[in-house]
Amino acid sequence: MRTVLNWLILALVTIAATVKIALVLQPATITQAEAASLPLGAVRYLREQRPAGPMFNSYNWGGYLIWALYPDYRVFVDGRTDLYDDAFLRDYLKVALVRPGWEAVVERYDVRLIVIERESVLATVLALTPDPSAVAAGEGRGGWRLVY
């Protein structure tokens, strides 16, 4: 009796797991998850408008941006941290966390395009920071422009 009950429980768990996996792998579910976690619209904008780089990007999106935009755009950083030296990763963090000297890092790497999470500290600071090229072009204190 116990063996039959164990097999019945195992069969029910297997069926439930199969149904759960089938629901998660539905195209609509995948599309919804991608839209919630990836910069799909920003990638579409970059492909259509082709603003000049080099690009600084969120570490979280690096792999997706490589997949979606290479070779037109090269990412600043991605999840393969073993490919980057410690000094470079410190530079990345200095910019991403808006630590003192972050602007010098942006200048050193000639960053002209930034793709980051809307809610990030860097996004907030960029909204208030003048873009050196805009000031040099005589456009006044327009700051970094949000283009998407």
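Just so you know, residue 1 is the first one in the sequence shown, and it goes up from there.
Taking all atoms of both residues into account, the shortest heavy-atom contact from Ala42 to Tyr148 is N-CE2, 3.3 Å. Closest non-hydrogen pair, Leu113 versus Ala52, comes out as CB-O, 3.6 Å. The shortest non-hydrogen separation linking Tyr73 to Pro51 is OH-O, 2.6 Å. Heavy atoms only, all atoms of each residue included: Arg74 and Met55 are closest at O-CE, 3.7 Å. Of all heavy-atom pairs between Val75 and Gly62, the closest is CG1-O, 3.5 Å. The two atoms that bring Trp144 and Val111 nearest to each other are CH2-O, 3.7 Å, heavy atoms only.
For residues 5-15, there are no salt bridge (Lys or Arg N to Asp or Glu O under 4.0 Å) pairs, not counting sequence neighbours. Annotation: side chain to side chain donor-acceptor pair (under 3.5 Å) contacts involving residues 87-99, sequence neighbours excluded, comprise Asp91-Arg108, Asp91-Tyr109. Applying the side chain to side chain donor-acceptor pair (under 3.5 Å) test to pairs two or more places apart or on separate chains, those with a residue in residues 41-53 are Arg50-Asp72.
Close placement of the Phe76 and Phe88 rings is indicated, their centers lying within 6.0 Å of each other.
Under the rule for a side chain to side chain contact (heavy atoms under 4.5 Å, CB included), the partners of Leu83 that lie at least two apart in sequence or sit in another chain are Arg80. In this view, Asp82 satisfies the side chain to side chain donor-acceptor pair (under 3.5 Å) rule with no residue, not counting sequence neighbours.
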Open item on the list: As a quick check of understanding, evaluate side chain to side chain contact (heavy atoms under 4.5 Å, CB included) for Leu69 and Tyr64, giving each step before the final call.
Closed with: CA-CA 8 Å; Leu69 297 173; Tyr64 172 72; over 6 Å; no

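Of the possible polar contacts, none joining the Asp110 side chain to the Pro54 backbone as a donor-acceptor pair under 3.5 Å is found.
For the residue pair Tyr84 / Asp78, a side-chain donor-acceptor distance below 3.5 Å is found, with atom types taken as modelled.
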For residues 114-125, tabulate all N or O donor-acceptor pairs below 3.5 Å that involve a side-chain atom, not counting sequence neighbours.
unit_1 : atom_1 : unit_2 : atom_2 : d
Glu117 : OE1    : Ser58  : OG     : 3.1
Glu117 : OE2    : Ser58  : OG     : 2.8
Glu117 : OE2    : Asn60  : ND2    : 3.2
Ser120 : OG     : Glu117 : O      : 3.0
Ser120 : OG     : Ala123 : N      : 3.1
Thr124 : OG1    : Ser120 : O      : 3.3

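If you take CG on Leu10 and OG1 on Thr14, they are separated by 4.5 Å, rounding to the nearest 0.5 Å.
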